[in-house]
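Here is the structure we will look at, set down as structure tokens.
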There are 2 protein chains.
Amino acid sequence: MKTKESKIPEATIKRLSTYINCLERLQVEKHPVISSEMLGEYCQVSPAQIRKDLSYFGEFGVRGVGYDTKKLEAEIKEILGLNYNWPTTVVGVGKLGLALLNFTLFSQHGFSITAAFDNEPGKIGTELAGGIIIQPTSAIEDTVRDRGILIGVITTPADAAQKVADQLVAGGIQGLLNFAPTKVKVPEEITLRNVSITSELDNLAYLMTQKKKTRRR
Amino acid sequence: MKTKESKIPEATIKRLSTYINCLERLQVEKHPVISSEMLGEYCQVSPAQIRKDLSYFGEFGVRGVGYDTKKLEAEIKEILGLNYNWPTTVVGVGKLGLALLNFTLFSQHGFSITAAFDNEPGKIGTELAGGIIIQPTSAIEDTVRDRGILIGVITTPADAAQKVADQLVAGGIQGLLNFAPTKVKVPEEITLRNVSITSELDNLAYLMTQKKKTRRR
DNA sequence: GTGACAATGTGATAATCATCACACAGTCGT
DNA sequence: ACGACTGTGTGATGATTATCACATTGTCAC
């Protein structure tokens, strides 16, 4: 099959990510080979969905047998681009920022933290694990440019997020992951993902409220 | 219009959450009234989409004028159930857990933290802001039952997540928000949201990789 | 009052995404 | 070597979600 890169649903990408997770677990549990049916069990996705998702990118299974867990994991990582290492900075070294900085998973997903910024005088100059020294936010633009940092992770309070985003963009950032509880706006050519933790809270609140109502009936 | 609670797209709920955010900003900026067009600008959603989303729940605007920002915000909060306060516990008081515990936003979204658990001996017995004392995970089931805790937030490492989820369920939890980088499985009657931060990372990696390829062409 | 106007609410339409069903390919036992 | 079998890959089908277009309704100036 031809690899059509254009029209792939975002939902598919999200699922690929979970497939990797399950495939890792499956390897630990000594399953060298797995069918779409079994994998579906594991990650709560229909078998047809899995096959369809994979078919966007090529043929990875053996008919009558299934998928080689190790090979499939590698393939998906390749598809998602997790092998490349993007020079990344985190702005906002609060609790959430620290959580992400210490997240070893961060580096396992293609991002290598090479700078950190904060506004609080007490934090500036502090050395983090990995030898990264916290710089003032006024240095964002220059540092990003000088070190060729391509990805910015925003973990500031809401009211600082847009300004930080602007500074990162001015420094030549190419991708942004925004955890601040507000959307930021950037030029079209910048890849942006707003991760809204509060919207997850809201969503749960909604679901719970619905359930309460249903029960009352 | 009749309020049909059944078939509302999840995407709509997600957007309602962003609408609230924008509406709050708009109030600060002294806009008492806003059209769907302007609101669309603000939160990067098409005007038609906004109107459609709201129409699932009723009529909130004034034709020819627009929406009262304050009133609309209140309405959406009512729809999402953010006024209710769910007794909530956080399991896993690492960096991420702490980030969420200190999140004042947490309580602003209908959740009131009333207990915290961790496995690390050094942490057990420690008092957090708000007078919450960290308990050992072995106490999860009893505490959840005794205090009538309804929501559980899981911020443990991946390998502990499922066990913790089982304990919470055993204690009679009704809703779960899982931040651990792995999906957990719970009985059908439990409301569950898996929040995958790693999948956000993967998604960004994918988008960046795509862009790199496109540029090369 | 009344008419021009502005922006909503919504049925119809289009696009997207998930599911189904089955032809087909590779494996394994005999 | 061959046939029974198992599970993939995919076109066709169905469901869900977003977009469009416009009739409708409330406002405001005069």
Side-chain angles (χ1 to χ4, degrees), chain A residues 1-19 22-23 26 31-69 71-73 75-76 79 199 203 206, chain B residues 1-19 22-23 26 31-69 71-73 75-76 79 199 203 206:
Chain A
M1 206 208 99
K2 264 278 270 324
T3 310
K4 271 204 176 173
E5 319 254 3
S6 36
K7 292 204 327 169
I8 291 151
E10 177 164 330
T12 291
I13 303 302
K14 203 166 188 175
R15 281 190 297 268
L16 289 182
S17 186
T18 45
Y19 299 160
C22 293
L23 289 167
L26 283 164
H31 287 85
V33 170
I34 188 137
S35 66
S36 62
E37 177 132 15
M38 279 290 277
L39 182 56
E41 283 280 309
Y42 261 71
C43 40
Q44 295 158 83
V45 174
S46 78
Q49 184 72 77
I50 293 177
R51 296 202 297 275
K52 184 62 118 183
D53 284 341
L54 295 175
S55 79
Y56 287 119
F57 302 97
E59 306 191 0
F60 305 105
V62 179
R63 296 183 183 217
V65 176
Y67 302 90
D68 179 309
T69 42
K71 236 192 279 180
L72 184 57
E73 189 201 336
E75 292 277 15
I76 297 179
I79 291 166
S199 97
N203 211 314
Y206 173 73
Chain B
M1 205 207 102
K2 263 277 272 328
T3 310
K4 273 202 174 175
E5 318 254 3
S6 36
K7 294 207 324 176
I8 290 150
E10 176 163 330
T12 291
I13 302 301
K14 202 166 189 174
R15 282 190 298 267
L16 288 182
S17 184
T18 49
Y19 300 159
C22 293
L23 289 167
L26 283 163
H31 286 85
V33 171
I34 187 133
S35 66
S36 60
E37 176 132 16
M38 279 290 277
L39 183 56
E41 282 278 310
Y42 262 70
C43 40
Q44 295 158 84
V45 174
S46 79
Q49 183 72 76
I50 293 177
R51 296 201 297 276
K52 185 61 119 183
D53 284 342
L54 295 176
S55 79
Y56 287 119
F57 302 96
E59 307 192 359
F60 305 105
V62 179
R63 295 180 185 219
V65 177
Y67 303 89
D68 179 309
T69 41
K71 237 192 280 180
L72 184 57
E73 189 202 337
E75 292 278 14
I76 298 179
I79 291 166
S199 97
N203 211 314
Y206 173 74

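Residue numbers begin at 1 in each chain, while the letters A, B, ... track the order of the sequences. Just so we're clear, the structure is a prediction, and the values are computed from it rather than from any experiment.
When each of C:dC17, D:dA12, C:dT8 is scored by its nearest atom to the side-chain atoms of A:P9, the top-ranked nucleotide is C:dC17. Closest to the A:R63 side chain, of the nucleotides D:dG9, D:dC20, D:dG26, is D:dG9. Side-chain proximity of A:R51 to D:dG9, D:dG7, C:dT8: nearest is D:dG9. Counting only heavy atoms from C-beta on, B:E59 has its side chain closest to C:dT10 among C:dT8, D:dT10, C:dT10.
For A:L72 and D:dT8, the CG to P distance is 11 Å, given to the nearest whole Å. Summarising the geometry, the separation between CD on B:E41 and P on C:dA7 is reported as 13 Å, rounded to the nearest angstrom. One atom, CG of A:D53, and another, C1' of C:dA18, lie 10 Å apart when rounded to the nearest Å. In this structure, NZ of B:K14 is placed 15 Å from C1' of D:dT17, rounded to the nearest angstrom. In this structure, A:E10 atom CD and C:dC17 atom P are separated by 9 Å, rounded to whole Å. Atom pair A:M38:CE and D:dT6:P shows a separation of 16 Å (rounding to whole Å applied). As rounded to whole Å, 15 Å separates atom C1' of C:dA21 from atom CD of A:E37. Remark: C1' of C:dA6 and CD1 of B:I34 are 15 Å apart, rounded to the nearest angstrom.
Within a 6.0 Å sphere centred on CD of B:Q44, heavy atoms belonging to other residues, nucleotides or ligands number more than 12.
Residue-to-nucleotide proximity on DNA chain D shows that, of A:V65 and A:K52, the 5′-proximal contact is made by A:V65. Comparing B:V62 and A:G64 along DNA chain D, the residue whose closest nucleotide (by nearest heavy atom) sits nearer the 5' end is A:G64. Toward the 5′ end of DNA chain C lies the nearest nucleotide of B:L54, the other residue of the pair A:Q49 and B:L54 mapping further downstream.
Between D:dG9 and A:Y67, a contact under 4.0 Å exists linking OP1 or OP2 to a side-chain N or O. Considering only side-chain N and O atoms, A:S46 lies under 4.0 angstrom from the phosphate OP1 or OP2 of C:dT19. Applying the 4.0 Å criterion to OP1 and OP2 of C:dA18, one finds that A:Y56 has every side-chain N and O outside that range. Residue B:S36 places none of its side-chain N or O atoms closer than 4.0 Å to OP1 or OP2 of C:dA7.
Between B:I8 and B:F57 there is a side-chain heavy-atom pair separated by less than 4.5 Å.
The CG atom of A:L39 sits 7.5 Å away from the CG atom of A:L72 when rounded to the nearest 0.5 Å. Between the OG atom in A:S35 and the CZ atom in A:R51 there is a gap of 9.0 Å [rounded to 0.5 Å]. To the nearest 0.5 angstrom, B:I79 atom CD1 is 7.0 Å from B:L54 atom CG.
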